[in-house]
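Encoded as C-alpha cells, the structure appears first; notes follow it.
Numbering of residues begins at 1 and proceeds along the displayed sequence.
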Amino acid sequence: MPDAILARIRAWVREYPWAMLPAAYEVMVDVLARRAAGARLTAEEIAARTADGPGRGELQVRDGVAILPVYGVLAPRLNLVEEISGGTSTGALTGQLRQALAEPSIHAIVLDVDSPGGSVFGIDELATEIHGARGQKPIVAVARHQAASAAYWLASQADEVVVSPSGMVGSIGVFVEHWDESAMDAELGLKVTLVSAGKYKTEANPYEPLNDEARAALQATVDGYYALFTRAVARGRGVPVDAVRSGFGEGRMVMAQAALKAQMVDRVETLDATIRRMARPAGGGRGGSKAADEAFTWRARAALAQLRA
C-alpha cells in the first residue's frame, strides 16, 4: 500500500471527530486505503464483513415487530463505508424508524445493534428522534453483539436496552486523529508550503507539529461532542450526567452482566428472545400476521431503495 495513498485517506478521515472503537477505526482506514489503491472487494468478501451476508441491512418484520438493523460503521449517508463494513446510514435508519412508527401493522420496534460506532455527524439528531418516539410504540435496542460508542449513543435512547449474554456495550467517548508527517517529509526531501486566508484555516495540518493552540481547538471539538454524547445517554438512561462520565465504562467496553449492574442496560437477553417477548400473541388484534409483515417489508425495501438512489 503506497504511503502517499494511505496519507491521503488518513487526511480525509482525521479531519472529523469519531465516536467509534479505535481498533475498528484503524480497520476502516486500512480498507479505505486499499480501495484507494485500486483494490475491489468481491461479493464473498463483502458478505464476510457483514457477517450474515446479503440482506442483513434490510428492515424485517416478525409477528408485528419491526427489526431495524444497526450494523457496522455508522455514517450520515450510504457510501463506501457501507460496502466495506456492512455499515448503516443514519439517514436511512431514520427513514426506517419513521416507517415503522407510522405503519399500523407494527406494534413494537427492535433495534438490532452490532456496531463499533462511527461518525458523530447525524447521531445526536437520530438519538433525539428515537427518544422522542417513546410512548408511540415500545422501542427496544438489543446489543448483538456490540453497541459501541455512537451505536450505544443511539441504543441508550430506546425504552429498553438489552445486551446479549456474550455482548458488550459502552466505549463512551469521542476522538480525532492528527498525524504529524513533517519528519517523514523531511526525510523524503519534501517541504510543503500552505498558502491560505483565515487565521486558523490550515491549523492541525499534517506538515508540521501540532501546536498548543491547534491542540486546544481539537480538544474543544472533542469535548463538545462528548458533552452531547453523555447528555444523551443520561437522558436515555434516566441518570445524572456525572454518572455516565464516571460510571459507564469511561470509554471502555463493558460486558453484559457488568453493564446490567451499572444500569447501562435493562436486561441480558438474546435478540430472538426479545422479539418473542415483544411479539403480540397470535390472534391478539391488529398486526402480527405473516401477510401484513411481508407487505410492510416490501414497502420498506422500496422506500430504502429510493433513499439509496
Give me the atom names and distance for the closest heavy-atom approach of [X] to [Y].
{"X": "Val254", "Y": "Met264", "result": "CG2-SD, 3.8 Å"}
{"X": "Val161", "Y": "Ala155", "result": "CG2-O, 3.3 Å"}
{"X": "Asp63", "Y": "Ala279", "result": "CB-CB, 3.6 Å"}
{"X": "Gly247", "Y": "Ala262", "result": "O-CB, 4.0 Å"}
{"X": "Val120", "Y": "Ala19", "result": "CG1-N, 3.8 Å"}
{"X": "Leu126", "Y": "Thr90", "result": "CD2-O, 4.0 Å"}

So, taking the atom named [atom1] in [X] and the one named [atom2] in [Y], what distance separates them when rounded to the nearest 0.5 Å?
{"X": "Ser115", "Y": "His145", "atom1": "OG", "atom2": "NE2", "answer": "13.5 Å"}
{"X": "Ser171", "Y": "Gln146", "atom1": "OG", "atom2": "CD", "answer": "9.0 Å"}
{"X": "Ile172", "Y": "Tyr226", "atom1": "CD1", "atom2": "OH", "answer": "7.0 Å"}
{"X": "Thr274", "Y": "Arg267", "atom1": "OG1", "atom2": "CZ", "answer": "7.0 Å"}
{"X": "Leu93", "Y": "Leu74", "atom1": "CG", "atom2": "CG", "answer": "8.0 Å"}
{"X": "Arg144", "Y": "Thr270", "atom1": "CZ", "atom2": "OG1", "answer": "9.5 Å"}

Within-4.5 Å side-chain heavy-atom neighbours: [X] and [Y]:
{"X": "Leu154", "Y": "Ile130", "answer": "yes"}
{"X": "Phe248", "Y": "Arg237", "answer": "yes"}
{"X": "Val233", "Y": "Tyr152", "answer": "yes"}
{"X": "Leu210", "Y": "Leu218", "answer": "yes"}
{"X": "Ser119", "Y": "Pro76", "answer": "yes"}
{"X": "Val142", "Y": "Val113", "answer": "no"}
{"X": "Phe121", "Y": "Tyr225", "answer": "yes"}
{"X": "Ile275", "Y": "Ile67", "answer": "yes"}

Assess, by modelled atom type and distance only, whether the side chains of Gln157 and Arg235 contain a donor and an acceptor separated by less than 3.5 Å.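 Side chains of Gln157 and Arg235: pair found under 3.5 Å.
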State, without any angle test, whether Asp112 and Tyr71 hold a side-chain donor-acceptor pair at a distance under 3.5 Å.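 Distance-only check passes for Asp112 and Tyr71.
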Is the number of heavy atoms from other residues, nucleotides or ligands under 6.0 Å of Arg252 CZ greater than 12?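 Count not over threshold, so no.
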Look at atom CD of Glu160 and say whether more than 12 heavy atoms of other residues, nucleotides or ligands are closer to it than 6.0 Å.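 Enclosed: over 12 neighbouring heavy atoms sit under 6.0 Å from CD of Glu160.
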Step by step, work out the ring-ring contact (aromatic ring centres under 6.0 Å, His included) result for Tyr25 and Phe175. CA-CA 10 Å; Tyr25 169 86; Phe175 69 89; 5.1 Å; yes
Is the side chain of [X] donor-acceptor paired with the backbone N or O of [Y] at a distance under 3.5 Å, no angle test?
{"X": "Lys137", "Y": "Ala100", "value": "yes"}
{"X": "Arg134", "Y": "Gly236", "value": "yes"}
{"X": "Ser149", "Y": "Gly173", "value": "yes"}
{"X": "Ser164", "Y": "Ala143", "value": "yes"}
{"X": "His107", "Y": "Pro138", "value": "no"}

Please determine whether residues [X] and [Y] belong to a single hydrophobic cluster, defined as Ile, Leu, Val, Met, Phe, Trp and Tyr linked transitively by side-chain heavy-atom distances below 4.5 Å.
{"X": "Met168", "Y": "Leu21", "value": "yes"}
{"X": "Met255", "Y": "Val265", "value": "no"}
{"X": "Val174", "Y": "Val241", "value": "no"}

Any carboxylate oxygen within less than 4.0 angstrom of a Lys/Arg side-chain nitrogen, looking at Asp272 and Arg277? no
Pair Asp223, Gln219 - check side-chain contact (heavy atoms from CB on, under 4.5 Å), show working. CA-CA 6 Å; Asp223 289 345; Gln219 187 65 57; 2.8 Å; yes
Below 30° counts as parallel, above 60° as perpendicular, anything between as tilted: where do the rings of Trp153 and Phe229 land?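 Aromatic pair Trp153/Phe229 classed parallel.
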Going through the checks in order, is the side-chain contact (heavy atoms from CB on, under 4.5 Å) test met by Val110 and Leu271? CA-CA 9 Å; Val110 170; Leu271 175 67; 3.8 Å; yes
Picking from Leu101, Asp159, Val140, Leu59, what satisfies side-chain contact (heavy atoms from CB on, under 4.5 Å) with Ile109? Leu101
